[in-house]
2 protein chains.
Amino acid sequence: MTDRVVPAAARQRRRPTKQGVVLSEELIVATALRLIEEHGAEALSVRRLGRALGADPSSLYRYFRHTDDLMLAIADELIGRNLRVWRTTGDWVADLRELGLRMHAGALAHPRAAMLSAHRVTGRVHEIQAVESMLGVLRGAGFPDPEAVRIYHAFVDQALAFGALDSACTALPRSAREAEAQVWRSTYGRLPAGTHPHIAATAPHLVATMRSSSYPAALDLLLAAARTRLDHLRAGIVE
Amino acid sequence: MTDRVVPAAARQRRRPTKQGVVLSEELIVATALRLIEEHGAEALSVRRLGRALGADPSSLYRYFRHTDDLMLAIADELIGRNLRVWRTTGDWVADLRELGLRMHAGALAHPRAAMLSAHRVTGRVHEIQAVESMLGVLRGAGFPDPEAVRIYHAFVDQALAFGALDSACTALPRSAREAEAQVWRSTYGRLPAGTHPHIAATAPHLVATMRSSSYPAALDLLLAAARTRLDHLRAGIVE
DNA sequence: ACCTTACGACAACACCGTTGACCTGTTAAG
DNA sequence: CTTAACAGGTCAACGGTGTTGTCGTAAGGT
């Protein structure tokens, strides 16, 4: 097939579908997101999406080269939604904390999409804006460039990775979730101190802590380490 | 179909396949792992696995209810392998660093299994041993119980989350991976300083850093923060 | 030596992504 | 206003996937 996709920008001949729908990149992405949220990630296929749109599946290939392209478009849309409401305050730790929690919450709000897109680089507008903003915060705080990039990378991957992990948990069927809670209560909560002293000693804390996400704790540890590192740099310690 | 799978334990009638192979759960898991290692994660399908085993694809459903069951069996096997070789040395930071890297490497060695099992609690022997060991390291270092549990939780979830995230990247088709590298080089490497000053300033670092996993960096940040916290606790600072 | 039945084989089903060929309504030029 | 080009929707097909209902047969206990 010769290049079937038109450069995205200049589309003029918008012919309606047999069922009367006028397709567009945005409509396709929005419908895909709706499908994912309503019926799960595995419900997203070119054919189902076509059906939901009221169009032939092959029509979508006029807008996206393959399904992967569509995934990237979906991912970028999510990034954009998360970033749109974020503003910097001048306190870099607070800003990054806020952004991390927002990304994590955004992932949990669209679990299936988050699981699909967490590991992709889109190279699209929203993502670029996000990268620029985060690097700006870190460089503004005083991190030298290599350090800023290193911390940016760890920060963003941590947010995405925990977002995907916790999303996967919420996507488990109800019975499986209850079974896991039960494992913590019955199995770990009742191990004898003789064979498993450390688990036995911390059992109440374990049962209480393991049911919720560890992302806030992990995020705070990362930011604390970054702050310490910046203090050392400022004090002229070369390490 | 009524339950086609026999309770796993008591199988007696081991009839050889048309091609002369005697199937078993272990043989299937081992062959699946070999397939994944040799031809990539996407080469694992029930049909291909059947072909590799010299058996009809449908025969595998006598041993696993669905492909997910097979994946979990593979994951269980991997957990065991990772833990078996880990020994504590007395230096808690080095021990946790070693374990984190080992878990991450284990995940990358078998991406599909890692992605499926990262967010599940098994409550089986190997997992329990791992929890006991990690808590032991942290409590032995001097962390009070709530703190030890908090850090354990962040540590293990971070290892699993990054393992799954990076596994997902390696599971991408070759073309998609190259496309991502290209995005960093062409898109991010060429943004004008006028509109994107921070990206432009750090472009070489970005291109160099983003191609590899940020897990080692994130792990070191987490451990650094934990060590700082411990110093504060030892100094009697109550925060 | 027989009977039972576990379990491998087969064929079929309903999906999937992707493509080449076709057809038609929109649009811009004359 | 007419008309010709072509963007873009449609159709049919290919080769893949996971999964299941049915059947035959050989292995094992007796």
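All chains are named by letter (A, B, ...) in the order of the sequence lines, taking the proteins before the strands, and each is independently numbered beginning at 1. This structure is a prediction, so every number in the text was calculated from the model and none was measured.
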Say you draw a straight line from OG1 of B/Thr195 to CD of A/Glu132; how long is it, rounded to the nearest 0.5 Å?
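Going from the OG1 atom of B/Thr195 to the CD atom of A/Glu132 covers 7.5 Å.
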
What is the distance, to the nearest angstrom, from the [atom1] atom on [X] to the [atom2] atom on [N]?
{"X": "A/Asp56", "N": "C/dC22", "atom1": "CG", "atom2": "P", "value": "16 Å"}
{"X": "A/Leu60", "N": "D/dG9", "atom1": "CG", "atom2": "P", "value": "9 Å"}
{"X": "A/Leu49", "N": "D/dG9", "atom1": "CG", "atom2": "P", "value": "13 Å"}
{"X": "A/Phe64", "N": "C/dT19", "atom1": "CZ", "atom2": "P", "value": "16 Å"}
{"X": "B/Tyr63", "N": "C/dA6", "atom1": "OH", "atom2": "P", "value": "13 Å"}
{"X": "B/Leu53", "N": "C/dC7", "atom1": "CG", "atom2": "P", "value": "16 Å"}

Tell me which of A/Ser58 and A/Ser45 sits closer to the 5' end of DNA chain C, going by the nucleotide each one is nearest to.
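Per heavy-atom nearest nucleotide, the more 5' residue is A/Ser45.
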
If the cut-off is 4.0 Å, is A/Lys18 near the phosphate of D/dC11, judged by side-chain N/O to OP1 or OP2?
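Result: yes.
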
Selection from [options] that lies nearest to any side-chain heavy atom of [X]:
{"X": "B/Arg48", "options": "C/dG17, D/dT17, D/dT19", "result": "D/dT17"}
{"X": "B/Thr67", "options": "C/dG17, C/dG8, D/dG18", "result": "D/dG18"}
{"X": "A/Arg15", "options": "D/dG8, D/dT10, D/dG18", "result": "D/dG8"}

Heavy-atom nearest nucleotide on DNA chain D for B/Pro16 versus B/Val46: which residue maps closer to 5'?
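The residue whose closest nucleotide sits nearer the 5' end is B/Val46.
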
If the threshold is 4.0 Å, N to carboxylate O, is there a salt bridge linking A/Asp56 and A/Lys18?
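Salt bridge: no.
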
Distance-only donor-acceptor test (3.5 Å): side chain B/Arg62, base C/dG8
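Yes, the side chain and the base share a sub-3.5 Å donor-acceptor pair.
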
Residues forming a ring-ring contact (aromatic ring centres under 6.0 Å, His included) with B/His110, sequence neighbours excluded:
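Here no residue qualifies.
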
